[in-house]
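Heads up, the thing below is written out as structure tokens.
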Amino acid sequence: MQPGLCQLFLVLYGLWMVTARPSEDAAAASPPDDFPSLPPILHPGYFSPDYKGNMIPGLVSSWSPNDPTNVWELSGLREGDIMEDGPKSRNVVSDPESLWADATIPYILEPMFTDAERKTIREGMEMIQKDTCFKFRPFRIGDMDFVYIQGGPTGCWSYVGRQGGGQVVNLQRAGCVYKGVVAHELLHAAGFFHQQSAADRDEYVFVNYTNIQSGRESNFDKYNESVVSDFGVGYDYGSVMHYSRKAFSKNGEDTLVPLKDGAEIGNRDSVTDKDMAKLKAKYGCSEGSEVTEAPSNYGTMMFEAGNQLLSLFVAPPN
Ligand SMILES: *[C@@H]1O[C@H](CO)[C@@H](O)[C@H](O)[C@H]1NC(C)=O
Ligand SMILES: *[C@@H]1O[C@H](CO)[C@@H](O)[C@H](O)[C@H]1NC(C)=O
């Protein structure tokens, strides 16, 4: 089929799907047999039996950008927002396997996001993409690895690095859809850990264990240089990946104190030049690129997979 026809087919099919959806029969909403299937989301997020999730949605949705903490510190996972498939798996930033091919993350946005939310999510992507070769582009048939951005009520979280197959980034609609928070979670997906877990962090910040909630001390672990690298760029107080002063505080006192006078930590608004220098070094490339933006409703289709309603956001052909 010609690309134009193929597109038309996909769009018409998408419209048919959407209008056909109210059907009582879930089977009616599955794609036709010859429709290319979405690769499985192999990493949908894992919540251990002792995960205490019932407080999270409320904590996250009542967060405001003026709060002293970062919202992603509130998501109840390791270091707040780092998703892992099990207690033992730890994917590391220096592992070449965790890199994205062509420095590109194909993404699918869950259909529940509004146009305004989609715009904010794209702005988060743009911050990263504008001055680096790193790219986000809508999923295309044939992509094996991709990020599925969903808005469920489980806080803000991401895996660190490419996991293989589909992997979820969660941006709880109430609380996480801010461009700086989006950039933070997407930088995790690109392979970033938190700044203060760097091996040399004790030269830059004091961790005041007296003020840390009991049981949360391991959130302040450091990783050695074989696990994380700063590519010679150096410690960055201003990083969008840095904890706030009051991260995991049990008493409202500082848990992290910059050793340099006047240094500010806890940025949740924008990426820094150093963040981007590390991303470029990690992916070995430097030039910026245009954001490829598909119209928000381009070829979006929804279908049932298992008991999940998935949307397939089909990009225009090359
Ligand atoms: C650590 O926190 C305690 C309690 O707030 C405070 O008394 C102490 O001075 C802090 N230590 C440093 C080195 O900031
Ligand atoms: C660095 O950390 C990794 C993972 O925890 C560990 O396997 C390795 O032995 C450590 N290397 C050094 C030099 O401490």
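Any value given below was found using the heavy atoms of this structure, including those in side chains, with hydrogens, waters and symmetry copies removed. Fair warning: this is a prediction, and the values are worked out from it, not measured in the lab. Order of appearance sets the numbers: ligands from 1, and atoms from 1 within every ligand.
Electrostatic pairing of K222 and D202 counts as a salt bridge here, judged by a charged N lying under 4.0 Å from a carboxylate O.
A ring-centre distance under 6.0 Å is not found for W100 and F136.
A donor-acceptor pair under 3.5 Å links the side-chain atoms of R201 to the main chain of Q196, judged by distance alone. No donor-acceptor distance shorter than 3.5 angstrom exists from the side chain of W72 to the backbone of M241, with no hydrogens or angles considered.
Closer than 4.0 angstrom to ligand 1 by heavy atom are F206, N208, T210, N211, E253, sorted by chain and number.
The neighbour count for K179 NZ, taken as heavy atoms of other residues, nucleotides or ligands under 6.0 Å away, does not exceed 12.
Counting heavy atoms from C-beta outward, T255 and R245 have side chains that stay 4.5 Å or more apart.
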